[in-house]
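Since the model is a prediction, treat every value here as computed from it, not as a measurement.
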Amino acid sequence: MAEESKKTEEVEVVSDAPPAEKSMAEKEPPSSEVEEPAKPSPAEEAVETEKSKPDEEEKIPQSDSFKEESNRVADLPDPEQIALGDLKKLIQEALNNHEFTTPPPPPPKEEEEEAKPVEEEKPATSEETPPAESSTKAAPEEETPKPEPEIVAESKEEEKTPPPAPAPVEATETVAEVVVDEDGAKTVEAIKETIVAVSTPPEKETEEVVAAPTVESKEEEIAAIPPPPPEEVFIWGIPLLGDEKSDVILLKFLRARDFKVKDAFTMIKNTVRWRKEFGIDALLEEELGNDLDKVVFMNGFSKEGHPVCYNVYGEFQNKDLYQKTFSDEEKRLKFLRWRIQFLEKSIKNLDFSPGGICTIVQVTDLKNSPGPAKRELRQATNQALNLLQDNYPEFVAKQVFINVPWWYLAFNRMISPFLTQRTKSKFVFAGPSKSADTLFKYIAPELVPVQYGGLSKEGDHEFSTGDPVTEITIKPTTKQTVEFPVSETCLLVWELRVVGWDVSYGVEFVPSAEGGYTIIVQKTRKIVPTDEPVVCDSFKVGEPGKVVITIDNPTSKKKKLLYRSKTKPSSD
């Protein structure tokens with residue numbers, strides 16, 4: 001295969017770990033993040049990974065391709081089942097707290113203001129006691145009857161029991177006895193002892209006693225209010241929890257984050273927030289025009305049942321279309337919204353049940369694609385790629401690049417170290433001469449568009465996608481015959497193509513009866529690559545026999561022959 005690629009000066013990478021990537025990846029292994037560029041710098045990533053996994057690329061053969069994992073929980077390994085359960089717990093807690101739509105409310109300011117004085121009332125008694133020199137100044141304050149400290153102590157012990165009424169009277173009598181004594185020193189000493197016994201200023205004590213039941217009553221009122229029910233959050237029409245399809249959605253995020261539960265949870269929250277900010281629901285109803293219908297379109301299914309999406313960047317060689325799409329920021333934003341809208345509509349056709357098909361095969365045609373010099377296109381596609389990576393995890397089953405030019409392979413070598421092995425295992429690269437054969441590995445020829453070597457074309461009423469196609473490889477410098485036996489009178493219809501043509505084509509009818517004459521249906525003629533890609537022909541059969549088609553390949557290259565046929569009543 002290497003010798004053939006050198007002769008044709010084209011690069012084909014049919015496996016999911018292309019040779020071009022391997023040579024680069026051996027120097028700088030990819031990061032551990034799934035489906036996203038690595039966060040560390042290239043130099044740091046390369047040094048750290050080379051030390052820990054020097055033979056990682058050698059352990060993974062190039063022929064290994066990505067195979068989708070099961071979405072049935074019972075089929076998951078135990079660690080993945082545990083991770084899924086932990087993620088569901090985090091999501092349930094977030095739904096209960098309404099974290100997806102509104103952040104948790106801050107604590108009430110009143111409680112904070114009331115809590116501060118209470119905290120200030122608890123310092124040690126020694127700090128509140130004034131020095132002996134100032135004790136004479138405190139005497140006038142004692143003349144006014146105040147509650148004694150025993151009241152506060154009792155209120156703290158009994159909590160809700162109000163202070164006894166006689167307490168102020170006892171305090172007044174005590175002060176009177178001190179005044180009658182006419183001994184100044186004793187009076188000061190008595191007052192000093194009274195002040196030392198008080199641990200908190202009386203006014204503050206009263207505030208504390210009153211404030212405590214107020215806080216408790218508010219807490220009781222808050223506790224009496226029933227909590228709001230858990231919020232409901234949907235992604236792609238499926239709830240995050242409670243549906244058998246919910247696990248399939250959660251597994252996409254877990255796999256995109258290598259089953260790191262907290263990272264997957266953060267990604268889900270960011271995706272829910274982004275969908276709301278971007279206005280996905282309203283976007284689906286917007287009319288964004290059909291100018292880009294030939295740039296991105298869906299056509300058929302893969303052999304495993306995945307919808308196939310084609311991206312044809314060569315259409316942007318049209319200068320008018322390019323300017324209309326990328327000339328300013330507003331138009332680039334419209335392109336981005338159109339691309340997201342297209343993807344959202346495609347996702348609606350996926351089956352998120354545990355055994356369903358919930359991924360897409362992407363085919364990217366790089367023929368005549370504008371190169372890296374087109375800054376506007378590069379900016380728009382990078383922006384779209386970032387959004388897809390961040391908000392649409394694990395939606396690509398296979399990424400097939402066809403008609404790949406040399407510059408794209410060089411670009412891929414640059415970005416390869418920043419891609420994980422899981423991501424690279426989904427990539428397939430094929431040069432122009434190998435594009436059709438590569439597509440046929442994943443998509444049946446009857447479902448491959450005519451422009452890519454298949455037989456699927458618009459307005460074809462003779463054959464449908466349900467009519468199977470036979471593939472034959474014609475060896476170099478050999479002839480290949482195809483026979484259609486017919487046992488009764490009918491109209492035989494067939495279509496045929498040789499990918500790349502450059503062969504001779506002839507048809508004849510050979511009757512089954514002995515002595516019958518062979519009828520030339522189509523004289524042998526040479527068909528070149530510029531001729532019609534598909535030959536459609538028919539012959540009205542009047543007796544049992546067979547229609548024989550002969551293909552002569554005089555070139556030194558093998559050719560891919562595709563054909564199918566059907567019979568109709570001769571009256572048609």
Report yes or no: does R564 contribute a side-chain atom to a donor-acceptor pair with the main-chain N or O of T470 at less than 3.5 Å? no
Give a yes or no on whether a salt bridge exists between K457 and E446, defined as a side-chain N under 4.0 angstrom from a carboxylate O. no
Geometric class of the F427/F401 ring pair [parallel <30°, tilted 30-60°, perpendicular >60°]: perpendicular
For E483, is there an ion pair with K546 - N to carboxylate O distance below 4.0 angstrom? yes
Spell out, as yes or no, whether a donor-acceptor pair under 3.5 Å connects the side chain of N382 to the backbone of Q379. no
Should the pair F335 and F326 be assigned to parallel (<30°), tilted (30 to 60°) or perpendicular (>60°) ring geometry? perpendicular
Test of understanding: with side-chain hydrogen bond (donor to acceptor under 3.5 Å, both in side chains), list the residues that count as partners of E376, not counting sequence neighbours. Y322
Under a 3.5 Å distance rule, please check whether N386 uses its side chain to pair with a backbone N or O of Q383 as donor and acceptor. no
ring-ring contact (aromatic ring centres under 6.0 Å, His included) contacts in which one or both residues fall within residues 501-522, not counting sequence neighbours: F509-F539
Contacts of Y392 that satisfy side-chain hydrogen bond (donor to acceptor under 3.5 Å, both in side chains) - sequence neighbours left out: E344
When you check the gap from the basic side-chain N to the acidic O, do E69 and R422 get nearer than 4.0 Å? yes
Are the charged groups of E286 and R337 less than 4.0 angstrom apart, N to O? yes
With sequence neighbours excluded, what pairs up with D281 under the side-chain hydrogen bond (donor to acceptor under 3.5 Å, both in side chains) test? none
Under 3.5 Å donor-acceptor, T524 side chain and G506 backbone: no
Within residues 369-390 or reaching into it, pairs that qualify as ring-ring contact (aromatic ring centres under 6.0 Å, His included) - sequence neighbours excluded: none
Set of side-chain contact (heavy atoms from CB on, under 4.5 Å) partners for Q451, sequence neighbours left out: F297, P449
